[in-house]
Amino acid sequence: MSDTATEPVLTTRDGRPLKASLAKALRREKLRALVLIAPLLIFVLLTFVAPIVDMLFRSVENSIVADTLPQTVVALKDWDPASDQAPDEAVFAALASDLKVAVKNKTHTRLGSRLNYEKTGISSLFRKTGRSIKKMNEPPYKEQFLKADKKWGDVSTWQTLKQYSPRYTDGYFLSSIDAKRTADGIQMKPENEQIYLLLFGRTLMLSIAITLACLLLGYPIAFLLAQLPLRTSNLLMILVLLPFWTSLLVRTSAWKVLLQQQGVINDFLVWIGLIADANRLVMINNQTGTIIAMTHILLPFMILPLYSVMKTISPTYVRAAKSLGATDFRAFWKVYFPQSVPGIGAGAVLVFILSIGYYITPELVGGTSGIFISNRIAYHISSSLNWGLAAALGTMLLAAVMILFVVYDKIVGIDNVKLG
């Protein structure tokens with residue numbers, strides 16, 4: 001006879017095991033929760049995740065060369081790009097065959113435009129050759145291509161073709177850091193052609209300056225609003241929110257009127273005798289104009305988180321510190337300020353993230369020295385149509401923001417960020 005008695009199995013009223021019944025109920029609740037959040041999840045995937053994935057793909061996608069010139073890409077595999085001579089007749093024969101199909105499908109111009117980003121003049125080369133390709137019916141093709149345009153004998157043209165033959169490329173990312181791949185390896189572009197690293201650095205520095213300016217201006221305002229009676233603070237809060245009721249373009253245009261050399265601010269400074277009429281301040285179409293205009297636009301995004309956090313700080317803490325002998329400043333710095341740090345963190349994150357991606361305001365008031373990297377991204381998307389480079393620049397900007405976010409988490413702590 002066994003010393004251990006068999007434990008009874010708990011069952012529900014209908015005789016099913018209780019454990020299995022609870023597991024089934026739990027699965028049903030999880031499925032119900034998934035169904036409830038499915039619309040939001042699909043919306044986030046379509047409007048946020050999918051565009052980012054598409055941007056990452058476009059930053060390395062380069063199938064146009066292989067799709068337009070498939071035979072040429074295969075023929076170029078045996079050609080040494082380090083040589084000082086153009087490919088042999090077999091490569092030109094493959095190019096002639098591919099171009100005839102490309103001209104018929106009208107894709108040779110798109111290929112030329114793509115490669116023109118890497119080497120100036122290739123776009124016109126493909127257009128000119130496309131008009132002559134119908135006459136090339138018999139070999140030798142090399143002589144006919146050279147007759148159509150001498151650039152086909154240039155080794156650098158073929159080096160560009162072979163370099164961008166793979167379906168995926170790092171060329172866009174190299175261009176985004178002012179570098180390029182040559183026969184001798186990766187090299188930085190000449191100083192007079194370097195622009196993107198400067199713009200990345202300027203974007204980060206100006207965004208930090210704008211964030212600090214918003215903090216210096218917004219903290220006292222939020223502190224005042226938190227200390228005033230509710231009725232008065234609500235009335236003043238309307239003034240804080242008033243800019244949201246005005247168009248961004250209107251606010252930016254107003255700053256152009258205020259900051260220009262013949263504007264209101266300079267006229268006032270001349271009128272009170274602070275500056276001479278011949279020495280009017282230059283505050284527009286430069287970094288100063290960008291900082292002033294964007295600080296005004298983003299200031300509410302700093303005030304609101306600060307106010308919501310400060311409103312939860314009990315005044316009894318400061319009074320207790322004063323009753324123990326602390327001065328007004330010491331009571332503020334040791335007791336009140338540490339409790340407002342979560343609001344500072346939330347406001348700083350909001351302002352910095354918003355400012356780093358702005359491009360309308362810098363475009364209107366920044367001139368050549370006050371524009372951000374986002375202005376170049378917008379240019380490549382809407383004007384030059386170099387979407388691959390725009391995607392690479394956007395990816396680099398996203399990576400920079402994520403790195404700074406991790407650094408911020410290590411220094412301040414993301415758990416200390418609160419909106420109230």
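For the numbers below, each heavy atom of this structure counts, side chains included, while hydrogens, waters and symmetry mates do not.
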Minimum heavy-atom distance between [X] and [Y], given as atom pair plus value:
X	Y	answer
Asn286	Ser369	CA-OG, 3.4 Å
Tyr172	Ser59	CD1-O, 3.2 Å
Ala321	Ala331	CB-CB, 3.9 Å
Thr157	Lys151	OG1-O, 3.1 Å
Pro305	Ala346	CB-CB, 4.0 Å
Ala179	Met188	CB-SD, 3.9 Å

With a cut-off of 6.0 Å (strictly less than), are more than 12 heavy atoms of other residues, nucleotides or ligands near [atom1] of [X]?
X	atom1	value
Glu29	CD	yes
Glu191	CD	no
Gln261	CD	yes
Arg280	CZ	yes
Arg330	CZ	no
Phe223	CZ	yes

Heavy-atom side-chain contact between [X] and [Y] under 4.5 Å:
X	Y	answer
Leu259	Val365	no
Val74	Gln71	no
Leu22	Leu26	no
Leu304	Leu350	no
Ile275	Phe268	no
Met294	Phe372	yes
Asn137	Lys100	yes
Asp98	Pro70	yes

Enter the distance from [X]:[atom1] to [Y]:[atom2] here, rounded to the nearest 0.5 Å.
X	Y	atom1	atom2	result
Ile373	Ile195	CD1	CD1	7.5 Å
Trp255	Ile292	CH2	CD1	6.0 Å
Leu398	Met55	CG	CE	5.0 Å
Tyr168	Phe57	OH	CZ	5.0 Å
Leu174	Gln187	CG	CD	11.5 Å
Ser123	Leu125	OG	CG	9.0 Å

If only atom types and distance count, is the side chain of [X] paired as donor or acceptor with the main-chain N or O of [Y] below 3.5 Å?
X	Y	value
Asn234	Leu230	yes
Ser165	Val73	no
Ser207	Leu204	no
Ser253	Val250	no
Thr290	Gly370	yes
Lys162	Pro81	no
Asn266	Gln260	yes
Glu89	Tyr141	yes
Thr203	Ile356	no
Ser97	Ala94	no

With side-chain contact (heavy atoms from CB on, under 4.5 Å) as the test, would you mind laying out the steps for Arg202 and Gln287 before giving the verdict? CA-CA 9 Å; Arg202 179 192 298 168; Gln287 296 183 12; 4.0 Å; yes

With sequence neighbours excluded, tell me which residues meet ring pair (Phe, Tyr, Trp, His ring centres under 6.0 Å) with Trp387. none

List the residues meeting salt bridge (charged side-chain N to carboxylate O under 4.0 Å, His left out) with Arg376, not counting sequence neighbours, and say none if there are none. none

Pair Thr160-Glu118, side-chain donor/acceptor within less than 3.5 Å: no

For residues Tyr317 and Gln339, is any side-chain donor paired with an opposing acceptor at under 3.5 Å? no

Pair Arg58-Glu61, salt bridge (Lys or Arg N to Asp or Glu O under 4.0 Å): steps then yes or no: CA-CA 5 Å; Arg58 285 183 179 273; Glu61 189 270 336; 5.9 Å; no

Under the side-chain contact (heavy atoms from CB on, under 4.5 Å) rule, what do Leu397 and Phe200 come out as? Steps first, then yes or no, please. CA-CA 8 Å; Leu397 186 61; Phe200 273 117; 4.2 Å; yes

Stepwise, does the side-chain contact (heavy atoms from CB on, under 4.5 Å) test hold for Ile303 with Leu225? CA-CA 9 Å; Ile303 295 175; Leu225 291 174; 4.2 Å; yes

Going by the side-chain hydrogen bond (donor to acceptor under 3.5 Å, both in side chains) test, name the single residue among Arg114, Gln163, Arg167 that passes it with Asn62. Arg114

Should the ring pair [X] and [Y] be called parallel, tilted or perpendicular, given that the plane angle runs from 0 to 90° and is split at 30 and 60?
X	Y	answer
Phe332	Tyr219	perpendicular
Phe126	Trp152	perpendicular
His380	Tyr196	tilted

Regarding Lys142 and Asp88, does a basic nitrogen lie under 4.0 Å from an acidic carboxylate oxygen? no

Let me see the working for Phe244 and Phe301 under ring pair (Phe, Tyr, Trp, His ring centres under 6.0 Å), right down to the final yes or no. CA-CA 10 Å; Phe244 289 130; Phe301 294 98; 5.3 Å; yes

For the pair Trp158 and Val155, evaluate side-chain contact (heavy atoms from CB on, under 4.5 Å) and give the outcome as yes or no after the intermediate values. CA-CA 5 Å; Trp158 292 99; Val155 176; 5.7 Å; no

